[in-house]
Amino acid sequence: MDIGLIGLGKMGGNMRERLRNGGHTVVGYDRNPEVSDVASLEELVDKLPSPKVVWVMVPSGDPTRETVTALGDLLGKGDVVVDGGNSRWTDDLAHAEMLAKKDVGYVDCGVSGGVWGLENGYALMYGGSEDDVAKVQPAFDALKPEGEFGSVHAGKVGAGHFSKMVHNGIEYAIMQAYAEGWELLEKVDLTDNVTEVFRSWREGTVIRSWLLDLLVAALDDEPGLEGIAGYAEDSGEGRWTVEAGIENAVATPAITAALFARFVSRQDDSPAMKAVAAMRNQFGGHAMKTEAPKGGDAAGESGPAQSGAAKESGSGDQSRPAES
């Protein structure tokens, strides 16, 4: 098939190559002229036979909205726009409605696979009408992994990105569980080689996964993860998953906790943890970490320099609760 592809970054560029390897003709456009096949959206559309299929792979939000709107003015009856970025599913409803007024079809497609997609294929979750999906199906077949699974017509418009949103929410929780387990194994002076423990889990255990494989690879590259900052961004889809859970009265405690853990990671000195430390000191006399006084060491959990409440009760007072 002939297909237009807008956005030739890490994902889009590799998708163009995989589609071409599958025997399809791809006309790519990117703001970077060094990777672009054409100089404008108009030229891209002109080079495609009808019905035209144009796949958009640009950042979600305004860049995608502006691109879809521009395509609405360039495409005609029977053509199809595919949004393969990480758009929110509610944007899909608006895009489909806008394009329908011009008799242009719309398919939303959640794409997973990252930088490994060129070699391994991309997991695809797409939403739209049967007719519109059929026009894009050859591209889906070329992009998906080999085998029976990895591609699904999830439902009507919005279903693709909604499914990908939930997929990423689950991903947050799994990653957080692995990370917490790794920290605990490293913390306790008992396990000789934590990396090898994780490596052993790659076969025969119920928690084996590709994410586990990637964590082991990271530990091989950076033993102990030295030099890696404990800071993690969120893509937005984790937030949207939590919001959808609230809107539909579906509890998502694991996904929510994983999202909040990423927020905490962005604070070198968490104000919330300062408040927790202060409250623990007030009700239990627990020592607080403090700045080092002049001529002395900073107070720690067992340090000699404690706050007033701790001094009065004594660090060895067993009559007071540890937490309440």
Side-chain angles (χ1 to χ4, degrees), residues 1-76 79-88 91-92 95 99 104 106-124 126 135-136 138-145 150-151 160-161 164 168 214 217-218 221 228-229 231-237:
M1 70 175 293
D2 291 79
I3 186 170
L5 183 59
I6 301 172
L8 302 171
K10 291 180 180 179
M11 286 278 282
N14 283 345
M15 289 170 65
R16 174 175 62 176
E17 185 173 348
R18 187 171 176 89
L19 285 166
R20 287 176 174 171
N21 290 342
H24 300 293
T25 300
V26 183
V27 181
Y29 171 72
D30 193 275
R31 290 183 301 176
N32 178 3
E34 294 183 1
V35 300
S36 189
D37 300 318
V38 292
S40 66
L41 292 182
E42 292 81 0
E43 185 179 354
L44 179 147
V45 170
D46 287 343
K47 285 183 175 293
L48 295 174
S50 295
K52 304 174 190 289
V53 176
V54 181
W55 190 305
V56 179
M57 287 296 295
V58 301
S60 61
D62 288 340
T64 294
R65 295 187 193 105
E66 292 167 3
T67 302
V68 172
T69 299
L71 288 172
D73 293 332
L74 295 171
L75 297 174
D79 296 339
V80 177
V81 173
V82 183
D83 178 8
N86 286 330
S87 294
R88 187 167 181 156
D91 285 350
D92 296 320
H95 292 158
L99 292 174
V104 175
Y106 181 84
V107 173
D108 62 289
C109 183
V111 181
S112 182
V115 295
W116 298 91
L118 173 58
E119 178 181 353
N120 299 333
Y122 300 89
L124 306 172
Y126 37 93
K135 294 173 184 176
V136 193
F140 292 147
D141 292 341
L143 290 170
K144 70 178 288 293
S151 178
H161 280 143
K164 177 58 162 49
N168 280 26
L214 294 175
D221 290 341
I228 297 177
Y231 180 104
E233 279 287 2
D234 67 286
S235 64
E237 289 169 305

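Sequential numbering from 1 along the given sequence is applied to the chain's residues.
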Decide yes or no for N32 and L8: does some side-chain heavy atom of the first lie under 4.5 Å from some side-chain heavy atom of the second? no

Ignoring hydrogens, what is the shortest heavy-atom contact between A123 and P145? Give both atom names and the distance. N-CD, 4.2 Å

CD1 on I3 to CE on M15, rounded to 0.5 Å: 7.5 Å

Checking side-chain polar atoms at under 3.5 Å, does K10 have a donor or acceptor matched by the opposite partner on N14? no

Contacts table for residues 47-58: side-chain donor-acceptor under 3.5 angstrom, sequence neighbours left out:
| from | atom 1 | to | atom 2 | distance (Å) |
| --- | --- | --- | --- | --- |
| K52 | NZ | V45 | O | 3.0 |
| K52 | NZ | L48 | O | 2.4 |

Considering all heavy atoms, the nearest Y106-V80 contact: N-CG1, 4.4 Å

R20, CZ atom: more than 12 neighbouring heavy atoms under 6.0 Å: yes

Contact check, side chains of M11 and Y122, non-hydrogen atoms, under 4.5 Å: yes

Where D30 and G9 come nearest, the two heavy atoms and their spacing: OD2-N, 4.1 Å

Closest heavy-atom contact between L44 and G28? CD1-C, 4.3 Å

Keeping the roles fixed (side chain from R16, backbone from V26), state whether a donor-acceptor pair exists under 3.5 Å. no

Once side-chain contact (heavy atoms from CB on, under 4.5 Å) is applied, do any residues pair with D46, and if so which ones, sequence neighbours excluded? none

Considering the options L124, D92, D83, which one meets the side-chain contact (heavy atoms from CB on, under 4.5 Å) requirement together with C109? L124

Let me confirm one number: the CG-CD distance from D37 to E43, rounded to the nearest 0.5 Å. 9.5 Å

Residue pairs fulfilling side chain to side chain donor-acceptor pair (under 3.5 Å) with at least one residue in residues 60-72, sequence neighbours excluded: D62-R65, R65-D91

For L118 against R18, the heavy-atom pair lying closest together: O-NH1, 2.9 Å

Can you tell me if D73 uses its side chain to pair, donor with acceptor, with the backbone of A70 under 3.5 Å? no

V111 versus K164: any side-chain heavy-atom pair under 4.5 Å? no

Do you know which two heavy atoms are closest between M1 and A139, and how far apart they sit? SD-N, 3.5 Å

